[in-house]
Amino acid sequence: MIKVTLKDGSCKEMKKGTTVIEAAESISMGLARAAMAGEVNRKTVDLRYQLNEDCSLNILTFDDPEGRMAYWHTTSHILAQAVKRLYPNAKLAIGPAIETGFYYDFDIEKPFTPEQLEDIEKEMQKIIKEDLPIERFALSRDEALKFVNEAGETYKAELISELPEDAEISFYRQGEFTDLCAGPHLLSTGKVKAVKLINLAGAYWRGDEKNKMLQRIYGVSFPKKSMLDEHITKLEEAKKRDHNKLGRELGIFMTSEPIGQGLPLLMPKGAKIMQILQRFVEDEEEKRGYVRTMTPYMAKSDLYKISGHWQHYRDGMFVLGDEEKDSEVLALRPMTCPFQFMIYNSKLHSYRDLPVRMAETSTLFRNEASGEMHGLIRVRQFTISEGHIIATPEQLEDEFLGAVDLINYMLDTLGIRDDVTYRFSKWDPENKEKYIDNSEAWEDAQAKMKKILDQIGLPYEEAVGEAAFYGPKLDIQFKNVHGKEDTIITVQIDFSLAERFDMAYIDRNNEKKRPYIIHRTSIGCYERTLAMLIEKYAGAFPTWLSPVQVKVLPIIDKQNEYAENIANQLRSLGVRVEVDKRNEKIGYKIREAQLEKIPYMLVVGDKEMQNEQVAVRSRKEGDLGPMDFDKFAKMITEEIASRAK
RNA sequence: GCUGGUGUGGCGCAGCGGUAGCGCAAUUGAUUCGUAAUCAAUAGGCCAGGGGUUCAAAUCCCCUCACCAGCUCCA
C-alpha cells in the first residue's frame, strides 16, 4: 500500500499501481467523470499513470489550466483523425493545445477550404460519437522511427530523430488513428462534447519561414454546448471592441488605398486624443528632469552604419536614393537613438552632468513587411515617446528605476496597469549573428537588469531571443482583443552603442569613461497606445481623454442661444464641447451622443434656461437631473484635472 | 514576405452571366417636441483598379492594390 495525499490535505491509502483515474473513482464518480489529467507531486501526468509510491495527488478537471490542455490536446487528435479519414494523403505535423484551444498542422497538396472545414467538423462529431478508447503505448526510439516511417509520417520521423537515443517514446491510439505524443490525454474520444473549428491559416513547419508552409486548423472544445456558445459570444463581444473597427466607426482614424498600407490618417478626434496624450507625456517628462530634442526625420546612411542599424535592419528602412548610382543615400529614421547621441557628443561631459535625460516626441518610419500591418498597432509611420538616459555605471540602477516608475505612473493614469504584463527580453546565445557579439557584456547587462527587476518586484516573464541587438529589454506587453500580445512600452539597457558612437564622460579622477545608455519610452508608440485604449475602454474614454467631453442638447431651437452660451463658458474653462442644434427630438440627439460615447450630455430646455441650470446626463449613469451650471462646471473641470478614470 | 478569406453608394449587407437593390446614415420639406430612433420626399454607385473570356461581366479567368485572420518578422 502507498500513502496518497490529496488536494484538501487528507491522506488516503491505495494499492501500489493504482492509476490516477482509479484514484479519482475512489474519491467520487463525479470527480472521475470530470477528470482530464492528474497532478502527481506537482507534475502533470496522464490519467493512466500508475501511483507506485507515496505521493501527493490532485485530479485536474476542465477548470484547471492543465486539465483544459489535456482536453484540447485530445480534441486536436480527434481533428487529426478526422482529417486522415477524409484526406488519407495528409501528413501530420504537430497539434498542441494552446491557451485558447488547440490547433493541428497538416501538410496537404491543396489548402483546405472553409467548406472542407465543415466536413472535418462533422467527421469529428462522428469520432466523438464512436467513443473510441484512447490507449497509450511506448516504443524505443528505433521502433518509433520504424513505426512512423511505415506510416509515411515524415514530420513525425524528424521529431523523433532529434530525441535522445535512449528515449522512450509514447504514442496514443484511438481506433485506427495513432499519433506520437507525450500526452496527457483523456480516456476516450467520447469525453469531448462541443467542438468548433475556428479558422484556417498557413504556418511554417517549425515556425521557420525557410521551411514548407503547412495548413493549420484552429479549434476549441468544451464539455458543454452552453460553454461553447458562451465562448463564441465572448469572442464576438471582444471583436466589437476591436480598435480597428471601433476606431474607424468613431471617426478616430481611417486608411485610404492611394495613400498606402500601414499609413493611417488620424482624423480630428484621433488627433485630439493624440495631442492630449502627448501633452501629458511631455509635461510629465519635464517634471522628471528630461530635456527635449527635435532631430531630423532622415539621415545619411553613414549614421546608421555607425549605430549598426544598417547592418542589422537595412531591409526595414526606407532608403532614399540608389546606393549604386548616388554618392550618398539617405534613410528615413527608424529610431531616434543615434540623433540624440550626436547631441550628447556635441560637448565634453563631466560626471557631474550625468545623468542626461533626453526625450523626444519622435516620428519614425519602418518598412514593415506587407503582411504585418494591423490597424494602429503595426504601421509604417508612427510617433513614439522616445528618449535616452546617459548615465554612469553607478547611476544605472536608479535611472532604470526612474524609467520604470514613470512608465507605471503612465499605466496607472491611463487605467491600464492591470491589463499589461512585464517581459524580461534576453538575447539568444544560440543565435549570435542577430546580436552584438560580446557574450560577457550580454551576461553582465542581463544580470544587472535582473537584479533591478527583482528589486522592484515586478512579476516578469523571461523571454530568450527577444532582446534588441544592442542589449536586454524590459517590455510592457498588452493583449489585443484577438488575444495577440504586443509590446507597448520598453526600457532597454545598452552596453554597446556608447562604444560605437565613442560617447564618454570624464570621471572624478579626470579619466575618460564609457557611460551606460538606457533607451526608454514613457507611453510607447502613441498609435499603438491609442489602439490599446480604444480596446480597453471600448471607445468610451475617461473624460480627460475624450475628444468631445460635453454635448449640449437644446430641446427646441428656442434654447439654441442659451446652449451656445453654456458651451462657450465651458470652452473658456478648457472643456471640449459641441452643441447639437439640429431640428431633432431630444431622444434622438441623446441616442446619437450616447453612440458617440460622449461622457456628458447637457439637456437644456426652458426650465434650465430660466434657472441658469443644465440637465446633466452621464454616459455611464444616465439622467442625473438638473444642476446649477456652476456646479457642473466645477464637477467636470475637477474630473478632467484629476484625470479620473 | 507566406497561407487562406474579403473588396458592391458614408456604414452594414443582398445580388454571383442578361439594363444595380435593401436597411441605416445623408439632403430637403413638414413637425417646436423633456432623456436611446417623428413623418414624408429626394439624392447618391464605371460594383477596389487594370487586363482577358463572352453577343452580354458586379457575377467567369489573370494581374495589381487594399482590408481581415494566422505564420514569419518587429531596432
Open item on the list: Students often get this wrong, so: under 4.0 angstrom with heavy atoms, is A:D486 touching a base, only sugar-phosphate, or nothing?
Closed with: nothing
- [ ] Using a heavy-atom cut-off of under 4.0 Å over every strand shown, decide if A:G587 touches base, sugar-phosphate, or nothing.
- [x] sugar-phosphate
Protein and nucleotides 3-12 of chain B: nitrogen or oxygen contacts under 3.5 angstrom:
from, atom 1, to, atom 2, distance (Å)
B:rU3, O2', A:Q215, OE1, 3.4
B:rU3, O2', A:Q215, NE2, 3.3
B:rU3, O2, A:G202, N, 3.4

Open item on the list: Classify A:G207 by what it touches in the nucleic acid, base, sugar-phosphate, or nothing, heavy-atom distance under 4.0 Å.
Closed with: sugar-phosphate
Distances under 3.5 Å only, N/O to N/O: pair up the protein atoms with those of nucleotides 25-29 of chain B.
none

TODO: Can you tell me which stems RNA chain B forms, taking runs of 3 or more consecutive Watson-Crick or G-U pairs with both distances under 3.5 Å?
DONE: B:1-7 with B:65-71, B:10-13 with B:21-24, B:26-30 with B:38-42, B:48-52 with B:60-64
TODO: Look at all strands and tell whether A:I586 reaches a base, only sugar-phosphate, or nothing, counting heavy atoms closer than 4.0 Å.
DONE: sugar-phosphate
- [ ] Give A:A369 one of three labels, base, sugar-phosphate or nothing, depending on what nucleic acid heavy atoms sit under 4.0 Å from its own.
- [x] base
- [ ] Mind checking A:G375 for me? I need base, sugar-phosphate or nothing, with any heavy atom below 4.0 Å counting as a touch.
- [x] sugar-phosphate
- [ ] Looking at every strand, decide which applies to A:K110 at a 4.0 Å heavy-atom threshold: base, sugar-phosphate, or nothing.
- [x] nothing
TODO: For A:H519, report the nucleic acid contact type (base, sugar-phosphate, nothing); a contact means any heavy atom under 4.0 Å.
DONE: nothing
Open item on the list: At 4.0 Å (heavy atoms only), tell me whether A:A593 reaches a base, stays on the sugar-phosphate, or touches nothing.
Closed with: nothing
Open item on the list: So A:R216, base contact, sugar-phosphate only, or nothing? Heavy-atom distance under 4.0 Å.
Closed with: sugar-phosphate
Open item on the list: Please classify the nucleic acid contact of A:E608 as base, sugar-phosphate, or nothing, using heavy-atom distances under 4.0 Å.
Closed with: base
